[in-house]
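Structure first, then comments.
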Number of protein chains: 2
Amino acid sequence: MEKQTITIYDVAREAAVSMATVSRVVNGNPNVKPATRKKVLEVIERLDYRPNAVARGLASKKTTTVGVIIPDVSNAYFASLARGIDDVATMYKYNIILANSDGNDVKEVNVLNTLLAKQVDGIIFMGHHLTEQIRGEFSRSKTPVVLAGSIDPDNQVGSVNIDYEAATKDATNQLIKSGNKKVAFISGSLLDPINGIQRLKGYKEALKDNNIDFNEGLVFEAEYNYKAGLALHDRVVNSGATAAVVADDELAVGLLNSLTDNGVKVPEEFEIITSNNSLFSDIARPSVTSISQPLYDIGAVSMRLLTKLMNKEDIDEKDIVLPYGLIQKQSTK
Amino acid sequence: MEKQTITIYDVAREAAVSMATVSRVVNGNPNVKPATRKKVLEVIERLDYRPNAVARGLASKKTTTVGVIIPDVSNAYFASLARGIDDVATMYKYNIILANSDGNDVKEVNVLNTLLAKQVDGIIFMGHHLTEQIRGEFSRSKTPVVLAGSIDPDNQVGSVNIDYEAATKDATNQLIKSGNKKVAFISGSLLDPINGIQRLKGYKEALKDNNIDFNEGLVFEAEYNYKAGLALHDRVVNSGATAAVVADDELAVGLLNSLTDNGVKVPEEFEIITSNNSLFSDIARPSVTSISQPLYDIGAVSMRLLTKLMNKEDIDEKDIVLPYGLIQKQSTK
DNA sequence: CTGTTAGCGCTTTCAT
DNA sequence: ATGAAAGCGCTAACAG
């Protein structure tokens with residue numbers, strides 16, 4: 001028995017109308033007499049007809065699917081964004097093709113190309129560092145792009161973020177105010193403009209406002225994971241720091257656990273403020289004071305912005321900055 | 001300026017060959033004289049030609065994309081599976097359309113239908129409970145399906161899992177051996193066959209082997225999240241249990257923290273074994289002893305199995321059971 | 001309100 | 001080894 005697909009043609013024949021009419025009722029075009037619509041609908045039901053989205057895509061040049069380039073779905077931070085993206089996508093009848101890049105330049109370019117080949121209607125990009133090549137592809141292609149939780153120093157495409165600079169400044173300030181002279185700045189690669197430009201800038205501003213000299217030895221780069229946090233212990237302790245602003249929760253909790261496991265009292269002897277307010281920061285004991293970013297919303301708003309772009313609507317502002325907070329928990333005094 | 005897409009036709013004209021030939025070189029068909037191939041390749045390069053995957057999909061009836069139905073990507077358990085799936089998919093030149101269902105019957109059916117409409121070549125389904133309707137759709141459609149970390153009591157489609165029954169039995173046994181007479185069984189909905197059938201069975205077997213009567217009052221159903229774990233505290237304490245096997249890490253850590261925050265010593269006064277060995281179980285203090293499931297591998301193997309199914313290869317076994325472990329940490333004696 | 005007619009860009013026999 | 005031509009299933013003018 002063959003995989004006999006029934007097409008719009010079959011429906012048209014059975015309903016004794018033209019393909020165009022069937023197409024109209026399928027697409028909810030109002031220009032169809034109720035009686036005809038009903039008749040067609042019945043045949044569709046009876047034949048169990050399902051429009052072929054690929055054919056539709058070829059004919060209409062719209063696939064109702066968007067590409068999402070993500071460093072790693074299994075990272076809680078990005079997974080939250082992804083969830084926000086998918087929910088809004090679903091709301092607007094889009095599907096998402098999810099592709100992991102590991103923040104790797106080559107993979108990013110590859111995946112971008114296959115996404116473009118698949119004629120996605122738009123792209124949401126999450127990544128630490130926009131390479132020239134990627135930016136070139138973005139501007140060359142006519143496909144709308146939105147950066148979620150990522151910065152393009154050149155502002156060519158839309159983006160949704162929080163004000164990392166101000167948030168880091170606030171956090172650093174709090175740590176200084178509570179008496180810490182040496183506050184460590186712990187982030188991911190400084191090549192990522194979020195770290196190297198925005199966060200670092202906020203950190204330095206806080207120091208300056210409090211007349212503290214910037215000390216290179218208090219700046220640490222690490223990968224965003226628990227083990228990296230554990231591994232940081234000795235270096236941080238040796239730096240003489242008595243507090244730290246950390247750019248990632250896993251990293252922060254790793255540092256925290258290595259500290260407490262070694263008998264250091266947190267927050268009495270060492271204070272920590274982290275950045276994502278994820279479950280990790282709640283689960284840890286002591287729980288970790290954190291900047292709160294509306295992760296789900298960053299994803300959701302990105303997708304909403306993308307729908308506008310795909311729809312060629314007028315955008316009042318293509319770079320959206322969402323509000324952040326500072327949630328006090330047990331790792332600060 | 002228009003979005004002037006260059007097509008296979010343009011390439012054919014410029015290279016002075018037929019579309020068929022261009023198609024052949026693009027698809028790596030060996031029946032092309034090296035000289036012609038070279039010539040065509042140069043034109044492709046020069047024109048920056050990119051084959052349109054949608055057109056290709058319509059003509060060949062293959063989209064090289066698979067649908068992935070997932071309860072929630074922002075759940076660490078499922079996110080790990082998803083990562084394994086995507087990596088193997090990429091390896092075999094597939095992309096994944098990721099769709100969140102929240103384990104909701106209606107959403108599952110909807111999303112399945114749009115996936116089928118989009119002509120995905122295969123589907124990977126993760127969900128707690130296969131409804132009749134979904135199973136009906138599965139068997140009616142000719143599209144290959146694989147269940148990842150989910151059970152179909154009827155075994156109609158392929159699946160990849162661990163032996164939940166044996167794993168739960170092992171965990172329960174350890175708890176009993178170390179002196180606990182009352183071991184709580186804490187899982188998600190018992191409607192999910194993994195919980196209601198497999199895990200519960202393993203739990204009961206362990207009791208039986210140790211001549212302990214099954215006590216309904218020690219069985220708890222809860223949602224798989226941290227708050228649900230916190231909320232469970234009173235009921236578990238009142239049940240008289242001195243240990244628990246928990247089906248989810250967030251749940252387990254929630255219970256753990258509510259216990260320790262209330263002054264109960266773990267593991268001295270209460271022992272806990274959880275099920276996913278995720279980062280949560282490492283971060284908690286005390287860290288939580290856990291069954292270890294090869295999450296990434298479950299995803300990866302599922303996708304590998306699906307490629308075979310899509311390729312109509314012979315399958316030795318369409319239900320794959322992967323090995324599990326039991327990782328001793330600080331929450332058990 | 002409904003039908004006709006071209007394609008959309010590519011794969012795939014079938015010839016040659 | 002290469003070309004010609006017929007679709008794949010649907011949308012979108014354009015008529016009427």
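Note that the structure is predicted; figures quoted are calculated from it, not measured. The chains referred to below are lettered A, B, ... by the order of the sequence lines, with proteins before strands, and numbering in each begins at 1.
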If I take atom NZ in residue B/Lys61 and atom C1' in nucleotide C/dG9, what distance separates them, rounded to the nearest angstrom? 15 Å
Mind listing the residues from residues 33-42 of chain B sitting with a heavy atom below 4.0 Å of DNA chain D? Number order is fine. B/Lys33, B/Thr36
Which residues pass the side chain to side chain donor-acceptor pair (under 3.5 Å) test with B/Arg304, not counting sequence neighbours? B/Tyr92, B/Thr307
Would you call A/Ile320 and A/Leu305 a side-chain contact if the rule is heavy atoms closer than 4.5 Å? yes
Checking B/Thr63 side chain against B/Gln119 main chain: does a donor-acceptor pair fall under 3.5 Å? yes
Sorted by chain and residue number, the ring pair (Phe, Tyr, Trp, His ring centres under 6.0 Å) partners of A/Phe138 (sequence neighbours excluded) come out as A/Phe125
Give every pair of a protein N or O atom and an N or O atom of nucleotides 12-16 of chain C that lie under 3.5 Å apart, one pair per line with the distance.
none

Any salt bridge (charged side-chain N to carboxylate O under 4.0 Å, His left out) involving residues 105-128 of chain B? Give me the pairs, sequence neighbours left out, ordered by first then second residue. B/Asp102-B/Lys107
What is the bend of the helix from C/dC1-D/dG16 to C/dT16-D/dA1 when you compare the axis at one end with the axis at the other, using five pairs each and rounding to 10°? 30°
Any B/Arg56 side-chain nitrogen or oxygen under 4.0 Å from OP1 or OP2 of C/dG9: no
Just distance, no hydrogens or angles: give the donor-acceptor pairs under 3.5 Å from side chains in residues 70-79 of chain B, sequence neighbours left out.
unit_1	atom_1	unit_2	atom_2	d
B/Asp72	OD1	A/Arg83	NH1	3.0
B/Asp72	OD1	B/Ser74	N	3.0
B/Asp72	OD1	B/Ser74	OG	2.8
B/Asp72	OD2	B/Ser74	OG	3.1
B/Asn75	OD1	B/Tyr77	N	2.7
B/Asn75	OD1	B/Phe78	N	3.4

Whole Å only: how far is the OH atom of A/Tyr9 from the C1' atom of C/dT4? 13 Å
Looking for any heavy atom pair under 4.0 Å, which part of the strands does A/Val17 touch: base, sugar-phosphate only, or nothing? sugar-phosphate
4.5 Å side-chain heavy-atom contact, B/Val68 and B/Ile97: no
For B/Asn31, report the nucleic acid contact type (base, sugar-phosphate, nothing); a contact means any heavy atom under 4.0 Å. base
DNA chain D: 5'-most and 3'-most nucleotides touching chain B, 4.0 angstrom heavy-atom criterion: D/dA1 to D/dG9
May I ask you to test the A/Ile69-A/Met126 pair for a side-chain heavy-atom distance under 4.5 Å? no
For B/Tyr94, enumerate each residue passing the ring pair (Phe, Tyr, Trp, His ring centres under 6.0 Å) test, keeping only those at least two apart in sequence or located in another chain. none
The complete set of salt bridge (charged side-chain N to carboxylate O under 4.0 Å, His left out) pairs with one or both residues in residues 306-323 of chain A, sequence neighbours excluded, reads none
Are side-chain N/O atoms of A/Arg56 and A/Asn27 paired as donor and acceptor at under 3.5 Å? yes
Pairs where residues 294-303 of chain A contributes a residue and the test side chain to side chain donor-acceptor pair (under 3.5 Å) is met, not counting sequence neighbours: A/Asp87-A/Tyr296
Can you list every pair that meets salt bridge (charged side-chain N to carboxylate O under 4.0 Å, His left out) and has a residue in residues 14-29 of chain B, with sequence neighbours left out? B/Glu14-B/Arg46
